[in-house]
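Read the structure below first, then the notes.
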Amino acid sequence: MACSIVQFCSFQDLQSARDFLFPQLREETPGALRRDPSKTSNWEDDSWGAWEETEPQEPEEEGNTSKTQKHSWLQECVLSLSPTSDLMVIAREQKAAFLVRKWKHSDKGKEEMQFAVGWSGSVSAEEGEYVTSALCIPLASQKRSSTGRPDWTCIVVGFTSGYVRFYTEGVLLLAQLLNEDRVLQLKCRTYEIPRHPGVTEQNEELSILYPAAIVTIDGFSLFQSLRACRNQVAKAAASGNENIQPPPLAYKKWGLQDIDTIIDHASIGIMTLSPFDQMKTASNIGGFNAAIKNSPPAMSQYITVGSSPFTGFFYALEGSTQPLLSHVALAVASKLTSALFSAASGWLGWKSKHEEETVQKQKPKMEPATPLAVRFGLPDSRRHGESICLSPCNTLAAVTDDFGRVILLDVARGIAIRMWKGYRDAQIGWIQIVEDLHERVPEKGDFSPFGNTQGPSRVAQFLVIYAPRRGILEVWSTQQGPRVGAFNVGKHCRLLYPGYKIMGLNNVTSQSWQPQTYQICLVDPVSASVKAVNVPFHLALSDKKSERAKDLHLVKKLAALLRAKSPRPDSFEAEIKELILDIKYPATKKQALESILASDRVSFSCLRNVTQTSMDTLKNQELESVDEGLLQFCASKLKLLHLYESVSQLNTLDFHSDTPFSDNDLAVLLRLDDKELLKLRALLEKYKQENTKATVRFSEDADGVLPVKTFLEYLDYEKDALSIRKTSEEECVALGSFFFWKCLHGESSTEDMCHTLESAGLSPQQLLSLLLSVWLSKEKDILDKPQSVCCLHTMLSLLSKMKVAIDETWDSQSVSPWWQQMRMACIQSENNGAALLSAHVGHSVAAQMSSSATDKKFSQMVLDADAEALTDSWEALSLDTEYWKLLLRQLEDCLILQTLLHSRASPPAAKASSPQTEPLPRLSVKKLLEGGKGGIADSVAKWIFKQDLSPELLKCANREKDVENPDEPREGIARSPPEVSEVETDLGAVPDLLRLAYEQFPCSLELDVLHAHCCWEYVVQWNKDPEEARFLVRSIEHLRHILNPHVQNGISLMMWNTFLVKRFSAATYLMDKVGKSPKDRLCRRDVGMSDTALTSFLGSCLDLLQTSLEADISRDEVQVPVLDTEDAWLSVEGPTSIVELALEQKPIHYPLVEHHSILCSILYAAMSFSLKSVKPLALFDSKGKNAFFKDLTSIQLLPSGEMDPNFISVRQQFLLKVVSAAVQAQHSKDKDPSARAADTHGQDLNWTALAVDLAHHLQVSEDVIRRHYVGELYSYGADLLGEEAILQVQDKEVLASQLLVLTGQRLAHALFHTQTKEGMELLARLPPTLCTWLKAMNPQDLQNTGVPVAATAKLVHKVMELLPEKHGQYSLALHLIEAVEAMATL
């Protein structure tokens, strides 16, 4: 195992963050301004407003420079990642982006971590200040139930103005101005448990480096202050209180002297000198006469890098200066209005830069720094230090300089101990690895504490160097170790080494915490990923004499040999043996053997020989030095290889059974008579025809062949017992095929195979499971070869006779677990044909074994013995037999049902618009038992929906039951016998299969139950796609075919409440709002369907409500149905069926449903005829409006008594509009057949009768509607229909007056608008009174002016019949008769 670099996180959209921080790069990237919305859906777009305020970019002078900057932009940013990987900060100048962790499902189905921008904007509060350093410090939770995750993460940002600000959750907690110089570097140290008793325990601290000073803030004080500030900010935001008292902050401030330039620093912590070092230091400082204290003083050590000296060592005596207590320098920012809030509001997103406010802020008083002189250093006048990185154990530090060197320092001695050259602009970090005690391998004669697995864990440190100029990442073993890893990672990455973990832990809480933190990572902006470096511990031990390193080298050599394209067969095995024998460590040798056994390029003989050689070598070694685990591994693999060889030899033998096989033999074998066998054959033949699918088979997918590599993966030896690993169904089938497929085809000896497998240690239960998995999965091949049933019978008999298959002492009155295992496999199988055959075979073998056991007991009975033993045996036989019979009945039912569901209508009957749905799932007995009482009907309903079969066909297929019950009333629309027969011939075998299913499931597929489930399935599918209005129409058809009113009422009520009322109310309010039939866009927006679909929807709602009303009328006359279940399916469990839910529904409140039906009729009419100036709710008073859309079973306060005349007038005008539109539509269809074909809404509805019925409920005179209908018919020239409609009018006299006007309009058009000579002569002969009356008529009110004069004459005579002689217009009618007769003679 070598070093590796692994990606553990990625960025969601790093390019957008780059464009925000570097606006000049934005236009260089195509599509940067037009970001893909799918990629930025999780980003807060409002916080990117600062993009618009950037200055216009200047053109680059060199193309190469801009191209390089596109990728190297991360080198110019301040970057920090939390050790817990939950927050990242990327800052540049005045801007910053905070990236938060999110989890997302990858394409492979696994969750992967991504960083997405949670906030971005400006963080500068002072004019002209820039960000110089940033840290993300996770703070520990104080709760006892914490699992190791931080409570929250604090973001610390340093600025050129000297301010240090602390943020969290989008809020500025506190700001400190501890020195007026710019902040150079922020570093943090958290608590670590000391590895040894002599190591000084280090306190937590935050160190801030300035050009001439260093400030250290005590970690405990900082932790408490940040928690207090966070709590006070939350309370202030909730209460609106502005008085916030931040807690004091304890810190130390040291003024660094005797050094020219400081670039970076490292705080080593508290150290205690040894007595010798104490005397040496005292002599150097105080001279010969220096006084020495008895106990060495504790000192805080600091190391700086820069120039003159290149590296400086500072020591501050503990207790020499009192810690300074500082209150918060400026303020605490929250949602309160304060000076700091105003200044930072650009960051908080509450104020733009164009609204800058000049706020006079008073800087706090600066505490003076305590002088601290450099004690010694590494003087090098030409060398300038650039960075320093302290090792995790505080003993070493790595320093980079401007000469391209990396120097390793001994912190305690203050000397350089190693130097690397050629690493200009290098970035460095550390990895500390703790040894895993389980990887230790004891060697002979090794008595050291590290030679056993009980000793202390060792720790190794590795230095990681990233050289951006070369694009290489190297891992070096310290102090004098070799390079142990190198990776090409690109030239634009950033190496992140925080050097701290979680703040707020101590020696008690840290022991119970196991925080998941990283040590070092690499951020790659090109691939937008974050990668971690993994180094195994043993690389610290690798040298020229290391046995482990040699073994790893041999493992690599072996892997290369196994990957060789064309290995030489003559020397391949010898080379592998040599490499295996040369490996010394048992764990490594086991790893090498596993790689050989897992290779598919090594032959079986080579695997066997190599394993045998390893086994022999181990046996020849001394007993003390033999590794038991490796010995057991080799022994188990050898047993598996021998088993594989034996099975392969049996499968390759030329074995053919010469025994002929006939139908009679099959009947005897399965204990069936001829009639039962014929029935079984017929069922399987139908099943095979309907389940035939075109499958592709490849030559290499040969059944019964299994590579040795796969065989070894499936089986394992544990404690001298052969077991099958937890594998998938496909893997079980592959292993079972290798064992039994040849036997099932009669091409291999069944007895020899069973004996071989039993000898190998496989239990009968495992073999039975494998045998059934093969049999049930190879259904197509088995049905094509009936002889395999005989082979299965033989195999099952042999397995059942094994020693531990059936316990002889099993209680005779209980069920045998052996046969129960087989029955469970058949119950769970979805291949019902193979399951039915295997159940017959199992039943036969079980009966055979029970009979033989009974005969054996009977033969041993003495004459004077009691017959109790025989009685017990027959009880056991009866109990197991009943379970088999029940299973056979269930499998037969499931087979018939599966055959029906896989049947399809013949092409002539398949509609072009048949619904396209996903394929129906395959059935099993288990699924039907868990599907509840309605599971069977639900499956058939899904099939009916997929085939789009009409309800009439279901009734037709059940007509035999109708003949048996002729007195039973049947409702619904019935087709004529010729149509039914034609449909039946188009559907092929579907009606026969339906009849068979009805016979098999007389209760579950009872016609009402089936129609109920079909009704529900169609409405569910319509709800998924409301544009498919025909689904809802078909659902209502099935609802109407339900005969029992209780079921019909419940289903209709459930449909209304679940799917319809919400859309119905939306349509009502929409039409009432627009005052007319709404357009398509509004319908889609408010109701979720087009205007065409909405019209059909309203018609279906009307049908549903009318059906509910009819069902409620007949509820009292019919009893509630009793839902029975077939005997074989009494044990079903699962969800409540639709019919059971329907019967639980309360009866409807008839007046309320009728009230909704009136509203639905109004809406349907308005949509069907596109009526304008219609507000449906305006036709009802307040009581009527309040009753709408309430529960149909509740009793509501409905309108009663006399209605306001204004409402009646509006209602009458609406109904007259409906009648006029209906007559117009009928007239246009009569004239234009194409319009008749195009109109599908309400074409079978008698709108006039509906309008009259509505008039009755709306308190409008019905006779007014009928008279208007007659007038409209005559206006359109439909005189014959008008004569029929006159018979229904009550007030004939008023109707005659209306028709008299219509007659005058016809004559006026004929005389005045044709302008013929004869017409003018006739006009001159007419009486003056008639001429004046005719001139007053307006023929434009007529819809059809081309009516023959004879029809008009007939109309005048009809008016004369209706008018009484005393009527004032009777004389005018007489003159009209004369005029019409005169016109008829022209």
Side-chain angles (χ1 to χ4, degrees), residues 1164-1165 1168-1171 1212-1255 1260-1311 1313-1314 1334 1337-1363 1373 1376-1377 1379-1381 1383-1384:
Y1164 188 33
S1168 298
F1169 302 119
S1170 301
L1171 300 181
Q1212 179 174 313
Q1213 291 177 9
F1214 171 75
L1215 294 177
L1216 296 181
K1217 281 184 182 180
V1218 172
V1219 172
S1220 300
V1223 175
Q1224 179 183 359
Q1226 183 65 34
H1227 181 71
S1228 61
K1229 281 190 286 185
D1230 292 340
K1231 294 180 64 177
D1232 187 2
S1234 61
R1236 179 187 303 177
D1239 185 16
T1240 57
H1241 304 299
Q1243 57 184 0
D1244 298 328
L1245 191 63
N1246 187 344
W1247 284 103
T1248 306
L1250 179 64
V1252 173
D1253 186 59
L1254 284 177
V1260 176
S1261 172
E1262 301 171 33
D1263 211 46
V1264 173
I1265 307 301
R1266 293 192 182 100
R1267 293 200 302 268
H1268 183 73
Y1269 176 56
V1270 172
E1272 288 295 314
L1273 288 176
Y1274 277 107
S1275 178
Y1276 279 96
D1279 290 18
L1280 296 178
L1281 295 176
E1283 292 178 10
E1284 296 178 3
I1286 288 175
L1287 301 177
Q1288 300 179 358
V1289 177
Q1290 302 294 330
D1291 193 343
K1292 300 287 196 306
E1293 185 176 340
V1294 177
L1295 176 63
S1297 300
Q1298 295 174 349
L1299 292 180
L1300 190 65
V1301 174
L1302 196 141
T1303 308
Q1305 292 172 348
R1306 287 187 181 182
L1307 289 178
H1309 180 274
L1311 293 175
H1313 290 271
T1314 53
L1334 287 176
M1337 295 293 105
N1338 185 11
Q1340 294 181 355
D1341 294 339
L1342 290 175
Q1343 301 294 336
N1344 184 8
T1345 56
V1347 181
V1349 178
T1352 305
K1354 193 174 181 182
L1355 174 59
V1356 175
H1357 286 287
K1358 192 68 177 176
V1359 171
M1360 286 295 299
E1361 294 177 6
L1362 300 177
L1363 277 177
L1376 280 176
I1377 290 178
V1380 170
E1381 290 176 352
M1383 289 181 64

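We number each residue from 1, following the sequence as shown.
Here salt bridge (charged side-chain N to carboxylate O under 4.0 Å, His left out) pairs that include residues 1287-1298, with residues two or more places apart or in two chains, number zero.
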Scan the side chains in residues 1342-1352 for donor-acceptor partners under 3.5 Å anywhere in the protein, sequence neighbours excluded, and list what turns up.
residue : atom : partner : partner atom : Å
Asn1344 : OD1  : Gly1346 : N            : 3.2
Asn1344 : ND2  : Tyr1276 : O            : 3.1
Thr1352 : OG1  : Pro1348 : O            : 3.3

With a cut-off of 3.5 Å and sequence neighbours excluded, list every side-chain donor-acceptor pair involving residues 1354-1363.
residue : atom : partner : partner atom : Å
Lys1354 : NZ   : Glu1283 : OE2          : 3.4

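A pairwise comparison of heavy atoms in Ser1261 and Ala1255 identifies O-CB, 4.5 Å as the closest pair.
At least one donor-acceptor pair under 3.5 Å links the side chain of Ser1168 to the backbone N or O of Tyr1164.
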Check your understanding: For Leu1250 and Val1218, what are the C-alpha separation, side-chain angles and deciding distance, and is it a side chain to side chain contact (heavy atoms under 4.5 Å, CB included)?
Key -> CA-CA 10 Å; Leu1250 179 64; Val1218 172; over 6 Å; no
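Between Tyr1274 and Arg1306 there is a side-chain heavy-atom pair separated by less than 4.5 Å. At a threshold of 4.5 Å between non-hydrogen side-chain atoms, the residues Leu1302 and Ser1275 count as touching. Using a 4.5 Å heavy-atom cutoff, the side chains of Arg1267 and Val1264 are in contact. A 4.5 Å side-chain heavy-atom check between His1268 and Glu1272 finds at least one atom pair inside the cut-off. Contact check for Val1223 versus Leu1281: no side-chain heavy atoms found under the 4.5 Å cut-off. Counting heavy atoms from C-beta on, the side chains of Val1294 and Gln1298 come closer than 4.5 Å.
Glu1381 contributes atom CD, which lies 11.0 Å from atom CG of Leu1376 (distance to the nearest 0.5 angstrom).
For the pairing with Val1219, the side-chain contact (heavy atoms from CB on, under 4.5 Å) check across Leu1273, Ile1265, Val1270 returns one residue only, Ile1265.
Aromatic rings of Tyr1269 and Trp1247 (six-membered ring for Trp) have centroids beyond the 6.0 Å cut-off, not under it.
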